[in-house]
J.: 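Right, I'll just put the structure down here and ask away after.
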2 protein chains.
Amino acid sequence: MRSGSHFAQTASSNPLVNSPCEKCNIAEMSLCHALSCDDLRKLSSISTGIEVGKGVTIINEMDSADFLFNVTGGSIKLYKLLPDGRRQMTGFLFPGDFLGIAMNDCYAYSAEALEDCRLCRFPRARLEELLKEVPDLENRLLNMVSNELVLAQDQMLLLGRKTAIEKVCSFLLSLAKRTQRKTGAGHVISLPMGRSDIGDYLGLTTETVSRTLTNLKKKGIISIPTNGQLEINDIEELTDLAEGMD
Amino acid sequence: MRSGSHFAQTASSNPLVNSPCEKCNIAEMSLCHALSCDDLRKLSSISTGIEVGKGVTIINEMDSADFLFNVTGGSIKLYKLLPDGRRQMTGFLFPGDFLGIAMNDCYAYSAEALEDCRLCRFPRARLEELLKEVPDLENRLLNMVSNELVLAQDQMLLLGRKTAIEKVCSFLLSLAKRTQRKTGAGHVISLPMGRSDIGDYLGLTTETVSRTLTNLKKKGIISIPTNGQLEINDIEELTDLAEGMD
DNA sequence: ATAAGTCTTTGATGTAGGTCAATATGACGC
DNA sequence: GCGTCATATTGACCTACATCAAAGACTTAT
């Protein structure tokens with residue numbers, strides 16, 4: 001087997017897990033944030049908890065967008081492909097993130113589990129009905145998409161105009177900020193994705209990402225105790241490097 | 001004077017132009033699309049028509065986001081800056097487009113008029129109130145933002161993974177598609193922005209944009225009758241080049 | 001018409017980061 | 001513990017695009 005996962009290998013063939021929204025431990029940072037008990041019950045009634053193993057493709061670019069998901073555990077990579085196989089990561093998702101916002105009739109990107117994942121799945125048609133009934137939910141979704149658009153524009157600036165070292169430092173900082181927001185501490189961050197995933201996120205090659213990280217290690221700005229974890233030793237320096245202040 | 005504009009040189013000092021939504025000629029392709037007469041009247045009541053001259057900065061990155069706008073005439077460039085002056089265009093707006101979607105409390109980017117422009121201005125606070133009252137409006141906005149996010153992700157793929165020629169061809173095609181949608185014909189497209197604006201949109205320099213365009217001219221794929229206008233002679237070839245099929 | 005300023009094009013040269021190739025390191029199954 | 005496989009690192013070299021510099025081509029003002 002390709003990974004040590006105990007989960008089934010396709011999203012659709014999974015045993016469905018019953019996990020009502022009321023008990024959800026990530027509710028306060030997700031779509032469900034700030035909904036009334038009543039609205040939460042409605043949302044719960046159309047959702048199904050599912051689990052997918054590491055490496056499983058959850059959605060496929062160009063497939064009909066029949067489901068939306070809320071990530072409740074694990075992490076996910078999102079990417080688009082060119083005909084010849086070149087790949088651009090459009091984002092990484094962690095617990096509390098919403099998957100499937102960007103779509104028309106088809107998904108705009110593919111999503112693959114970086115680790116074993118837990119998801120909350122909504123049939124799109126029923127969610128759209130519910131949006132009409134529950135304005136708070138629609139408003140919440142609007143804020144989430146709006147926010148994602150701001151991040152997408154930051155990423156455009158990064159991809160179009162930053163140097164390799166600025167890109168890598170910006171990436172580490174954004175992970176650190178996220179970790180800070182969720183856990184309170186942001187010095188040690190988890191890197192569930194590989195170097196080539198990072199490269200494809202930043203518009204660089206594996207080799208350049210690797211060289212840049214060694215560079216930062218040599219300067220003492222970061223340490224990499226184990227693959228999959230990274231410690232930031234000098235966040236000021238990292239911030240300066242991220243904006244080209246050096 | 002820097003331009004031949006008859007309009008005032010700052011957005012705020014302009015004479016306000018009364019242009020009720022009911023008469024608006026671009027309504028069918030904008031925010032106002034598919035609203036009932038009643039809802040349209042409500043929207044109209046909080047909007048002010050304004051005009052800004054070529055070169056005027058309409059909004060400034062990091063300024064408090066007090067107004068949102070609907071573009072009803074002219075064209076606009078959106079951009080973000082790094083501390084050292086490097087610039088990334090995040091988009092170009094044309095009649096029917098909405099300005100100000102991506103913001104938290106502050107604007108996420110600056111906007112400058114490429115030509116004399118006509119805008120429909122909404123105070124943010126009042127628009128947000130109206131959103132609560134008119135679910136159709138919120139739904140429409142959600143669709144627009146969602147759509148923009150899809151485009152932003154296409155742009156990430158372009159910036160991170162495409163070559164210079166692929167970038168330029170993709171850009172011309174997206175303008176052509178837009179023109180097609182709005183006017184029915186997409187062979188001749190208008191280029192109100194300069195070469196360096198295009199460069200900053202595509203993550204290239206002025207010189208590379210210019211060289212790439214000359215290249216396409218020499219191959220007979222495009223012609224540039226006047227600066228500010230461009231004709232596509234071979235759209236199939238352009239499409240292939242845009243995706244690296246050559 | 002002419003002069004001044006701006007934007008575009010073209011050419012010559014430089015370099016950041018890509019490509020190709022060879023180890024090194026770590027993860028997992030047995 | 002040991003072999004296998006995948007991923008990460010490091011080194012040598014190359015190239016697409018940037019940078020620097022100098023003409024052209026438009027625009028607008030007088």
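Proteins get letters first, then strands, A, B, ... in listed order; numbering begins at 1 in each. A quick note: this is a predicted structure, and the numbers were derived from the prediction, not measured. Side chains are part of it too, since the values below use all heavy atoms of this structure and drop only hydrogens, waters and symmetry mates.
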J.: What is the distance, to the nearest angstrom, from the CG atom on D200(B) to the P atom on dT8(C)?
T.: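 In whole Å, dT8(C) P lies 12 Å from D200(B) CG.
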J.: Does the D234(B) side chain pair with the main chain of E237(B), one donor and one acceptor, at a distance under 3.5 Å?
T.: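 At least one qualifying donor-acceptor pair exists.
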J.: Might you point out which heavy atoms bring N70(A) and G96(A) nearest each other, and give the distance in Å?
T.: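 Residues N70(A) and G96(A), closest heavy atoms: OD1-O, 3.8 Å.
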J.: Let's see if you get this right: which residues in residues 188-195 of chain B place a heavy atom under 4.0 Å from DNA chain C?
T.: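 G194(B), R195(B) - these, ordered by number, are the residues of the stretch whose heavy atoms sit under 4.0 Å from the strand.
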J.: Starting at CD of E243(A), measure out to CG of L173(A) and round the result to the nearest 0.5 Å.
T.: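 One gets 9.0 Å once the value is rounded to the nearest 0.5 Å.
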J.: Give the table of side-chain donor-acceptor pairs shorter than 3.5 Å for residues 210-222 of chain B, with sequence neighbours excluded, one pair per line with atom names and distance.
T.:
residue : atom : partner : partner atom : Å
T212(B) : OG1  : T208(B) : O            : 2.6
T214(B) : OG1  : S210(B) : O            : 2.5
T214(B) : OG1  : R211(B) : O            : 3.3

J.: Do T90(A) and K80(A) have a side chain donor and acceptor closer than 3.5 Å?
T.: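 No, no side-chain donor-acceptor pair sits under 3.5 Å.
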J.: Ignoring hydrogens and angles, write down the donor-acceptor pairs under 3.5 Å from the side chains of residues 184-204 of chain B, residues two or more places apart or on other chains.
T.:
residue : atom : partner : partner atom : Å
R195(B) : NH2  : N227(B) : OD1          : 3.0
D197(B) : OD1  : K77(B)  : NZ           : 3.0
D197(B) : OD1  : R87(B)  : NH2          : 2.9
D197(B) : OD2  : K77(B)  : NZ           : 3.3
D197(B) : OD2  : G194(B) : N            : 3.3
D200(B) : OD1  : R161(A) : NH2          : 2.7
D200(B) : OD2  : R87(B)  : NE           : 2.6
D200(B) : OD2  : R87(B)  : NH2          : 2.8

J.: Measure NZ/K54(A) against C1'/dA6(D) and give the value in whole Å, please.
T.: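 That distance rounds to 11 Å.
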J.: Nearest heavy-atom pair of G160(A) and L159(B): which atoms, and what distance?
T.: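 Nearest pair, atom of G160(A) first, then L159(B): CA-CD2, 4.1 Å.
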J.: Which residues within residues 220-233 of chain B lie with some heavy atom under 4.0 Å of an atom in DNA chain D?
T.: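 The answer is none.
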J.: Can you see which heavy atom on S170(A) is nearest to which on K162(A), and at what distance?
T.: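 Residues S170(A) and K162(A), closest heavy atoms: OG-NZ, 2.9 Å.
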J.: Would you verify whether the NZ or CZ of R121(B) falls within 45 degrees of the ring axis of F67(B) while also being under 6.0 Å from that six-membered ring's centre?
T.: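 Satisfied, under 6.0 Å and within 45°.
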J.: Show the nearest heavy-atom pair for residues E148(B) and F98(B), with the distance to one decimal.
T.: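 Residues E148(B) and F98(B), closest heavy atoms: OE2-O, 4.3 Å.
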J.: What integer distance in Å separates E207(B):CD from dA16(D):C1'?
T.: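 After rounding, the reported distance stands at 14 Å.
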J.: Once you round it to whole Å, what is the distance between C1' of dA8(D) and CG of N215(A)?
T.: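 Nearest whole value for this atom pair: 16 Å.
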J.: Assess the side chains of S75(A) and E115(A): does a donor N or O sit below 3.5 Å from an acceptor N or O?
T.: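 Distance-only check passes for S75(A) and E115(A).
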J.: Using every non-hydrogen atom in the two residues, find where A111(B) and I76(B) come nearest and quote the distance to one decimal.
T.: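 Shortest heavy-atom separation between A111(B) and I76(B) comes out as CB-CG2, 3.9 Å.
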J.: Rounded to the nearest angstrom, tell me the gap between atom CD in E166(B) and atom C1' in dC17(D).
T.: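 After rounding, the gap between these two atoms is 14 Å.
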J.: Could you list, one pair per line, each protein nitrogen or oxygen that sits under 3.5 Å from a nitrogen or oxygen of nucleotides 15-18 of chain C, together with the distance?
T.:
residue : atom : partner : partner atom : Å
dG17(C) : OP1  : A164(A) : N            : 2.8
dG18(C) : OP1  : G203(A) : O            : 3.4
dG18(C) : OP2  : T205(A) : N            : 3.3
dG18(C) : OP2  : T205(A) : OG1          : 3.1
dG18(C) : OP2  : T208(A) : OG1          : 2.4

J.: With the threshold set at under 4.0 Å for non-hydrogen atoms, list the residues of residues 83-94 of chain B touching DNA chain D in residue-number order.
T.: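 Within this stretch, nothing sits under 4.0 Å of the strand.
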J.: At less than 4.0 Å, is any side-chain N or O atom of T214(A) found next to OP1 or OP2 of dT10(D)? Yes or no.
T.: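 Affirmative; the distance criterion is met.
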J.: How close do A242(A) and E166(A) get, heavy atom to heavy atom, and via which atoms?
T.: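 Shortest heavy-atom contact: O-CB, 3.7 Å.
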